[in-house]
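All remarks here apply to the structure that follows.
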Amino acid sequence: MSSPDEEEDDPIDLSVVLAPLSKEQLELMVAKLIARHEEIGDEVMELARQPVDVQALKECVASACALDEESRIQELMSLLGQAAQYAAAGDPRNALVVGEELTGQLVKTCIDAKDSDEADLEGAMREMEETWG
């Protein structure tokens with residue numbers, strides 16, 4: 001059995017510890033950390049403003065395109081939602097990168113759609129319009 005001092009030296013696997021927390025709980029935790037340690041706020045903002053990894057985004061788009069038609073539309077719409085999130089956060093550069101990468105593929109998917117529900121296609125087109133609006 002290890003002593004309490006030895007346990008403090010063991011690294012914490014944050015992916016395991018944080019996995020059960022909801023998005024809201026994680027956001028609250030970050031807000032509390034920033035309130036207690038203001039310098040962390042600058043680091044969070046710097047991290048949030050980093051350029052989008054275009055290669056990783058292209059891989060996500062390729063993975064989404066390998067899905068069945070309905071799932072592909074839903075996944076592409078979810079990814080396109082990131083553009084709106086960047087725009088809302090005051091980061092037009094990343095919003096544009098994500099929007100441009102996703103819009104062409106989403107339009108192609110909607111044009112080529114055979115089995116999708118018309119409401120899904122209309123929703124996808126509305127989402128694009130809101131993103132670019």
Side-chain angles (χ1 to χ4, degrees):
M1 184 170 214
S2 59
S3 70
D5 290 335
E6 288 176 16
E7 288 180 18
E8 288 180 19
D9 292 338
D10 290 341
I12 296 172
D13 186 347
L14 287 177
S15 64
V16 173
V17 173
L18 299 177
L21 299 179
S22 70
K23 179 182 177 200
E24 291 78 17
Q25 290 171 316
L26 290 169
E27 288 173 349
L28 180 60
M29 182 183 302
V30 169
K32 285 180 177 181
L33 284 170
I34 291 171
R36 289 184 189 157
H37 307 279
E38 292 181 20
E39 69 279 3
I40 293 175
D42 294 334
E43 292 179 38
V44 169
M45 291 305 295
E46 185 178 314
L47 181 63
R49 297 276 188 235
Q50 289 182 351
V52 169
D53 182 343
V54 176
Q55 186 58 39
L57 180 60
K58 287 181 183 206
E59 290 170 10
C60 288
V61 170
S63 293
C65 289
L67 300 171
D68 65 86
E69 192 173 280
E70 185 176 333
S71 298
R72 181 180 332 131
I73 291 171
Q74 290 174 352
E75 184 63 21
L76 290 172
M77 285 175 53
S78 174
L79 290 169
L80 185 62
Q82 292 177 4
Q85 291 171 341
Y86 279 118
D91 189 353
R93 179 180 39 93
N94 279 331
L96 186 60
V97 167
V98 173
E100 286 178 340
E101 190 64 38
L102 273 284
T103 299
Q105 188 58 51
L106 192 51
V107 168
K108 180 184 180 318
T109 297
C110 289
I111 289 171
D112 295 344
K114 296 176 181 89
D115 300 324
S116 290
D117 183 358
E118 192 171 315
D120 287 342
L121 298 176
E122 287 176 8
M125 299 307 282
R126 247 190 325 277
E127 179 101 14
M128 279 189 290
E129 184 178 337
E130 290 172 10
T131 298
W132 287 106

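Not measured: the values here are computed from a predicted model.
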Checklist entry - Nearest heavy-atom pair of Leu79 and Val98: which atoms, and what distance? => result O-CG1, 3.6 Å

Checklist entry - Same cluster or not: are Leu26 and Val16 linked, directly or through other Ile, Leu, Val, Met, Phe, Trp or Tyr residues, by side-chain heavy atoms under 4.5 angstrom apart? => result no

Checklist entry - Does the side chain of Gln85 come within less than 4.5 Å of Gln82's, by heavy atoms? => result yes

Checklist entry - With Ser78, which residues qualify under side-chain hydrogen bond (donor to acceptor under 3.5 Å, both in side chains), at least two apart? => result none

Item to check | Nearest non-hydrogen partners of Ala83 and Gly99, listed with the distance | outcome: CB-N, 3.8 Å

Checklist outcome for this item: Distance col, row Lys32:NZ vs Met29:CE, nearest 0.5 angstrom, shows 8.5 Å

Checklist outcome for this item: Between the CD atom in Glu75 and the CG atom in Asp68, the distance rounded to the nearest 0.5 Å is 11.5 Å

Name each donor-acceptor pair under 3.5 Å that joins a side chain in residues 36-55 to protein atoms two or more places apart or in another chain, with its distance.
unit_1 : atom_1 : unit_2 : atom_2 : d
Arg49  : NH1    : Ala89  : O      : 3.1
Arg49  : NH2    : Ala89  : O      : 3.2
Asp53  : OD1    : Gln55  : N      : 3.2
Asp53  : OD1    : Ala56  : N      : 3.1

Checklist outcome for this item: So CD1 of Ile73 and CG of Leu80: to nearest 0.5 Å the spacing works out to 12.5 Å

Next on the checklist: Once side chain to side chain contact (heavy atoms under 4.5 Å, CB included) is applied, do any residues pair with Gln105, and if so which ones, sequence neighbours excluded?
Outcome noted: Val61, Cys65, Leu76, Lys108, Thr109

